[in-house]
Asker: 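Structure in structure tokens, see below.
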Amino acid sequence: MSGNEPNPAATMARATPEPQPRPAKAADGKRVDHARSAKQFLNAPEHAKSHDTRVWAMRTKRDKQAHTIEEWEELRQLASDIKTHTLTHLDTYLEQFEANAKANGIHVHWAKDGAEHNRIIHEIFTDHGVKSVIKAKSMLMEECGFRHYMDGVGIEIVETDLGERIQQLDGEDPSHIVVPPVHKMRSDVARLFADKLGSDPENDDAHYLAGAQRDATRPLILDADAGMTGANFAVAETGGFVVCTNEGNADLSANVPNLHVASIGIEKLVPRVEDMGVFIRLLSRSALGSPITQYTSHFRGPKQGGEMHIVLVDNGRSKRLGMEKFWSSLKCIRCGACMNTCPVYRRSGGLSYGATYAGPLGLILNPTFDAHRYSNLPFASTLNGSCTNVCPVKINIHEQIFGWRQVLAENGHLPWTKKTGLAAAGKVLASPKGYRAAIKTTNSALKHLPRWAIYNRMNAWGEGREMPSPPDNGTFHDWYKRHRLNRDGASRNTSEN
């Protein structure tokens with residue numbers, strides 16, 4: 001059976017599949033309401049369970065791979081040290097990279113922000129009469145709003161990564177930096193492909209769906225006027241860059257057309273080729289729990305008869321480099337390990353974050369782009385530290401999340417309800433007597449008030465879970481006074497006498 005023939009098991013009669021949840025997008029200038037969007041996602045229990053299972057599976061596979069390498073922690077520390085060195089000498093390495101890239105026959109451009117990045121590439125395409133472009137997955141281009149910009153000027157962009165293509169056809173942003181449609185179920189993709197590609201809506205076999213997309217996209221790849229990639233790493237020593245994929249689509253994007261444009265964030269630099277051995281061993285193991293990506297492609301210059309351009313993009317990275325508490329977020333190699341382990345991300349879905357970057361990574365990156373719009377996100381965390389524990393470059397993610405909470409509060413970016421609630425909680429927690437009185441009052445209320453008085457819009461905790469039953473034997477302080485305080489006091493009196 002070929003990949004495009006229906007799978008009999010997949011076409012059997014089945015119950016109507018659960019509709020895909022669609023979190024509401026925040027209007028321009030408005031705060032992203034993560035809690036509200038997460039609730040919408042959780043209201044689709046099959047999708048929520050599937051998402052949690054898939055993402056946690058990547059975390060467990062990561063752990064198995066890490067345990068097979070005796071020097072895993074040494075690799076993490078070495079990667080972190082290399083990134084620290086590079087970022088503290090970034091100006092030098094950027095100049096070295098530019099000089100070597102130009103020596104290799106590459107045209108190098110500099111973009112201060114996303115708008116300039118899009119404008120530069122538009123000019124390159126205009127000069128070459130480009131009307132259609134094939135593009136490999138790039139979170140930087142998502143960050144710059146590149147595809148939407150090109151739609152506005154009439155240049156067709158075709159995503160060649162299967163996951164990104166699914167999201168493009170559905171008009172959605174990626175929900176995960178490695179697995180863009182991880183929030184979707186196969187039934188969602190089957191219905192989408194039936195609508196957009198004319199495939200069988202009842203056949204949700206993964207091989208069939210991948211084959212349908214391949215058949216529809218390959219002609220677009222062969223006819224494209226230009227190709228685009230991002231970069232996982234850029235090497236100052238050689239002026240080249242590395243792209244890691246599991247589908248080989250970046251190689252098609254880079255080599256089928258004669259014009260190749262690569263968008264690279266300035267933080268992607270490493271000093272030497274030999275440094276790549278450290279990061280390649282960490283990247284795929286941390287991201288998917290696989291030993292290595294299927295394709296680790298090194299680009300050093302244009303192909304014979306072709307032309308290559310690199311656009312080095314700042315877009316707030318220099319500003320972040322000057323932030324004492326948050327500069328180390330620039331070490332990130334975009335593996336998604338922090339997302340895979342985060343209990344909040346796993347249950348709320350990536351689209352609920354309303355930004356290019358979701359999960360713990362998004363909590364520390366997004367406020368650097370727009371502190372007001374993303375002011376709610378750093379509070380979408382339990383601060384359990386698991387994100388920091390799995391980060392392959394040892395970014396102190398949970399500490400930065402807490403740091404952003406402080407910065408946002410100090411600069412007046414909290415909504416009135418949160419600001420008022422935190423101020424009241426601060427006064428209570430600052431007074432031992434007030435705290436103990438509040439606990440006793442609350443425990444009494446939980447026992448005697450009617451349910452409607454406890455479970456209402458004012459009780460965010462109660463929206464998704466039952467309140468814990470108050471203990472019958474009083475508070476911890478009551479217990480301590482009965483059992484320890486009296487005994488310790490008697491012991492001190494005896495010793496003093």
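Every value quoted in this text rests on a predicted model; they were computed, and no experiment measured them.
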Asker: I want to check something: taking the side chain as every heavy atom from C-beta on, are Pro360 and His398 in contact at a cut-off of under 4.5 Å?
Answerer: no

Asker: Quick one: side chain to side chain donor-acceptor pair (under 3.5 Å) partners of Glu71, sequence neighbours excluded?
Answerer: Arg281

Asker: Determine whether the aromatic ring centres of Phe233 and His298 lie less than 6.0 Å apart.
Answerer: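 Centroid distance Phe233-His298: not below 6.0 Å, so no.
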
Asker: My understanding is that only residues two or more places apart in sequence, or in another chain, count here; which of them pass side chain to side chain donor-acceptor pair (under 3.5 Å) with Asp33?
Answerer: none

Asker: With sequence neighbours excluded, tell me which residues meet salt bridge (Lys or Arg N to Asp or Glu O under 4.0 Å) with Arg405.
Answerer: none

Asker: Any side-chain heavy atom of Gln40 within less than 4.5 Å of one from Arg22?
Answerer: no

Asker: Search all heavy atoms of Val130 against all heavy atoms of Leu259 and return the closest pair with its distance.
Answerer: CG2-CD2, 4.0 Å

Asker: With the threshold set at 4.0 Å, does a side-chain nitrogen-carboxylate oxygen contact exist between Glu123 and Arg119?
Answerer: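 No salt bridge links Glu123 with Arg119.
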
Asker: Output yes when a side-chain donor or acceptor of Asp173 lies under 3.5 Å from a complementary backbone atom of Leu351, and no otherwise.
Answerer: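 Not at all, since once roles are kept as given, no pair shorter than 3.5 Å links the two residues.
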
Asker: Name all residues meeting the ring pair (Phe, Tyr, Trp, His ring centres under 6.0 Å) criterion together with His107; count only those two or more places apart in sequence or in a different chain, and write none if there are none.
Answerer: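 In terms of ring pair (Phe, Tyr, Trp, His ring centres under 6.0 Å), with neighbours along the sequence ignored, His107 is linked to His309.
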
Asker: Can you check whether Ser263 reaches Cys144 side chain to side chain, under 4.5 Å on heavy atoms?
Answerer: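 Heavy-atom side-chain distance check fails, nothing below 4.5 Å.
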
Asker: Please confirm whether the backbone N or O of Lys39 pairs with a side-chain atom of Asn43, one donor and one acceptor, at under 3.5 Å?
Answerer: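 Side chain of Asn43 to backbone of Lys39, a donor-acceptor pair under 3.5 Å: yes, one is there.
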
Asker: Stepwise, does the side-chain contact (heavy atoms from CB on, under 4.5 Å) test hold for Met185 with His47?
Answerer: CA-CA 7 Å; Met185 299 178 68; His47 283 79; 3.7 Å; yes

Asker: Considering residues at least two apart in sequence or located in another chain, which fulfil the side chain to side chain donor-acceptor pair (under 3.5 Å) criterion with Glu156?
Answerer: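 Glu156: no side chain to side chain donor-acceptor pair (under 3.5 Å) contacts found.
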
Asker: Walk me through whether Val158 and Ser132 qualify under side-chain contact (heavy atoms from CB on, under 4.5 Å).
Answerer: CA-CA 8 Å; Val158 178; Ser132 64; 6.0 Å; no

Asker: What's the verdict on side-chain contact (heavy atoms from CB on, under 4.5 Å) for Met58 and Val179, showing C-alpha distance, side-chain angles and the deciding distance?
Answerer: CA-CA 10 Å; Met58 290 189 281; Val179 193; 3.8 Å; yes

Asker: Under the 3.5 angstrom rule, does the side chain of Ser37 hit a backbone N or O of His34 as a donor-acceptor pair?
Answerer: no

Asker: Which residues pass the salt bridge (Lys or Arg N to Asp or Glu O under 4.0 Å) test with Lys83, sequence neighbours left out?
Answerer: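 For Lys83, no residue satisfies salt bridge (Lys or Arg N to Asp or Glu O under 4.0 Å) once neighbours in sequence are set aside.
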
Asker: Counting only N and O atoms by type, is there a donor-acceptor contact under 3.5 Å from the side chain of Asp314 to the main-chain atoms of Ile266?
Answerer: no

Asker: For Phe299, which residues count as a ring pair (Phe, Tyr, Trp, His ring centres under 6.0 Å) partner, sequence neighbours excluded?
Answerer: Phe241, His260

Asker: Just grab all the side-chain hydrogen bond (donor to acceptor under 3.5 Å, both in side chains) pairs involving residues 174-185, residues at least two apart or on different chains.
Answerer: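 As it turns out, the side-chain hydrogen bond (donor to acceptor under 3.5 Å, both in side chains) pairs with a partner in residues 174-185, which skip direct neighbours, are Gln167-Lys184, Asp170-Lys184, Glu172-His183, Glu172-Lys184, Ser175-His183, His176-Asn340.
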
Asker: Taking the six-membered ring of Phe193 as reference, does the cationic atom of Arg165 (NZ for Lys, CZ for Arg) lie under 6.0 Å from its centre and within 45° of its axis?
Answerer: no

Asker: Do any pairs count as a side-chain hydrogen bond (donor to acceptor under 3.5 Å, both in side chains) and have a residue in residues 375-385, sequence neighbours left out, and if so which ones?
Answerer: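 Sorted result for residues 375-385: Arg31-Ser375, Thr382-Asn384.
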
Asker: Who passes side chain to side chain donor-acceptor pair (under 3.5 Å) against Ser290, sequence neighbours left out?
Answerer: Ser284

Asker: Check the orientation of Phe41 and His51. Use parallel for under 30°, tilted for 30 to 60°, and perpendicular for over 60°.
Answerer: perpendicular

Asker: Run Glu142 and Arg147 through salt bridge (Lys or Arg N to Asp or Glu O under 4.0 Å) and show every step you take.
Answerer: CA-CA 7 Å; Glu142 293 287 344; Arg147 200 171 67 218; 3.7 Å; yes

Asker: Should the pair His89 and His85 be assigned to parallel (<30°), tilted (30 to 60°) or perpendicular (>60°) ring geometry?
Answerer: tilted

Asker: How would you list, by chain and number, every residue that makes a salt bridge (Lys or Arg N to Asp or Glu O under 4.0 Å) with Lys30, sequence neighbours excluded?
Answerer: none

Asker: Is it true that Arg59 and Asp63 make a salt bridge, defined as a side-chain N closer than 4.0 Å to a carboxylate O?
Answerer: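 Salt bridge between Arg59 and Asp63, a charged N being under 4.0 Å from a carboxylate O: yes.
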
Asker: Please identify each residue that fulfils side chain to side chain contact (heavy atoms under 4.5 Å, CB included) with Arg346, with sequence neighbours left out.
Answerer: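 With neighbours one apart ignored, the set is Asp52, Val55, Trp56, Pro343.
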
Asker: Please check: side-chain N/O of Thr229 versus main-chain N/O of Ala250, any donor-acceptor pairing under 3.5 Å?
Answerer: no

Asker: Does CZ in Phe402 sit with more than 12 non-hydrogen atoms of other residues, nucleotides or ligands closer than 6.0 Å?
Answerer: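 At most 12 heavy atoms, drawn from other residues, nucleotides or ligands, come within 6.0 Å of this atom.
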
Asker: Does any N or O in the side chain of Thr293 come within less than 3.5 Å of the main-chain N or O of Asn246, such that one atom is a donor and the other an acceptor?
Answerer: no

Asker: Does atom OH of Tyr435 have more than 12 heavy-atom neighbours from other groups under 6.0 Å away?
Answerer: no

Asker: Below 6.0 angstrom between ring centroids: does that apply to His117 and Tyr149?
Answerer: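 That pair fails the under 6.0 Å test.
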
Asker: Short question: side chain of Glu159, backbone of Glu164 - any donor-acceptor pair under 3.5 Å?
Answerer: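 No.
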
Asker: If you compare all heavy atoms of Thr368 against all heavy atoms of Trp404, which two are closest, and at what distance to 0.1 Å?
Answerer: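 The answer is CG2-CZ2, 3.5 Å.
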
Asker: Can any side-chain N or O of Asn249 pair as donor or acceptor with the backbone N or O of Ala136 at less than 3.5 Å?
Answerer: no

Asker: Between Ser80 and Arg76, is there a donor-acceptor pair closer than 3.5 Å when you use the side chain of the first and the backbone of the second?
Answerer: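 No.
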
Asker: Within the distance-only criterion (no hydrogens, no angle test), does the side chain of Asp195 pair as donor or acceptor with the backbone N or O of Leu192 below 3.5 angstrom?
Answerer: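 No: the side chain of Asp195 does not pair with the backbone of Leu192.
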
